[in-house]
Amino acid sequence: MNINVPVIPQHTIDTLAKGLYREAVQYGFEQKDILRFVNSLLQLSLKSTQQPAEHKELKEKEDQLVSCKEI
């Protein structure tokens with residue numbers, strides 16, 4: 001059985017990471033904050049594969065956030 005699973009190229013991953021890093025630095029993130037950010041991404045990723053029903057709760061929390069650009 002041959003299952004075609006799309007693979008995102010490493011260049012795309014690196015480009016996204018550089019962009020997120022650049023934005024984080026502009027928001028005043030320090031190294032410890034970036035590590036916390038990465039940890040949060042990993043937690044979200046794990047939760048999304050384990051409990052898809054939780055997406056609604058995460059979206060509701062996200063909607064309550066205020067953009068730093070609005071401050």
Side-chain angles (χ1 to χ4, degrees):
M1 175 168 62
N2 186 5
I3 300 175
N4 293 328
V5 178
V7 176
I8 296 175
Q10 187 62 41
H11 177 72
T12 303
I13 301 290
D14 293 342
T15 301
L16 178 60
K18 287 176 185 177
L20 290 173
Y21 176 79
R22 204 175 308 123
E23 287 290 321
V25 169
Q26 288 178 354
Y27 283 119
F29 280 42
E30 296 178 3
Q31 187 176 18
K32 64 183 178 187
D33 303 313
I34 292 170
L35 291 173
R36 290 175 40 225
F37 173 70
V38 170
N39 187 52
S40 184
L41 283 174
L42 289 170
Q43 288 177 348
L44 289 170
S45 175
L46 290 171
K47 285 181 183 179
S48 71
T49 58
Q50 294 171 355
Q51 301 169 354
E54 216 171 280
H55 283 277
K56 182 180 178 186
E57 179 184 326
L58 293 173
K59 177 67 176 146
E60 289 171 356
K61 288 181 181 178
E62 182 181 307
D63 291 340
Q64 295 173 0
L65 298 176
V66 176
S67 169
C68 289
K69 293 180 182 180
E70 294 176 14
I71 295 176

Check your understanding: Can Leu46 be reached from Ile13 by stepping across I, L, V, M, F, W or Y side chains whose heavy atoms are under 4.5 Å apart?
Key -> no
**Study point:** Phe29-Val25 co-clustered via ILVMFWY side chain contacts under 4.5 Å
**Key:** yes
Check your understanding: Going by the side chain to side chain donor-acceptor pair (under 3.5 Å) test, which pairs reach into residues 13-22, not counting sequence neighbours?
Key -> Gln10-Asp14
Check your understanding: In Å, rounded to the nearest 0.5 Å, how long is the span from CZ of Phe37 to CG of Leu42?
Key -> 10.5 Å
Check your understanding: Got a second to check how far Arg36's CZ is from Glu30's CD, nearest 0.5 Å?
Key ->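 Those atoms lie 10.5 Å apart.
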Exercise for review: Give the minimum heavy-atom separation between Ile34 and Ala24, together with the two atoms involved.
Suggested key: CG1-CB, 4.3 Å
Exercise for review: Could you work out the complete set of other residues in the hydrophobic cluster of Val7, with links drawn between I, L, V, M, F, W and Y side chains under 4.5 Å apart?
Suggested key: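 Val7 shares its hydrophobic cluster with no other residue.
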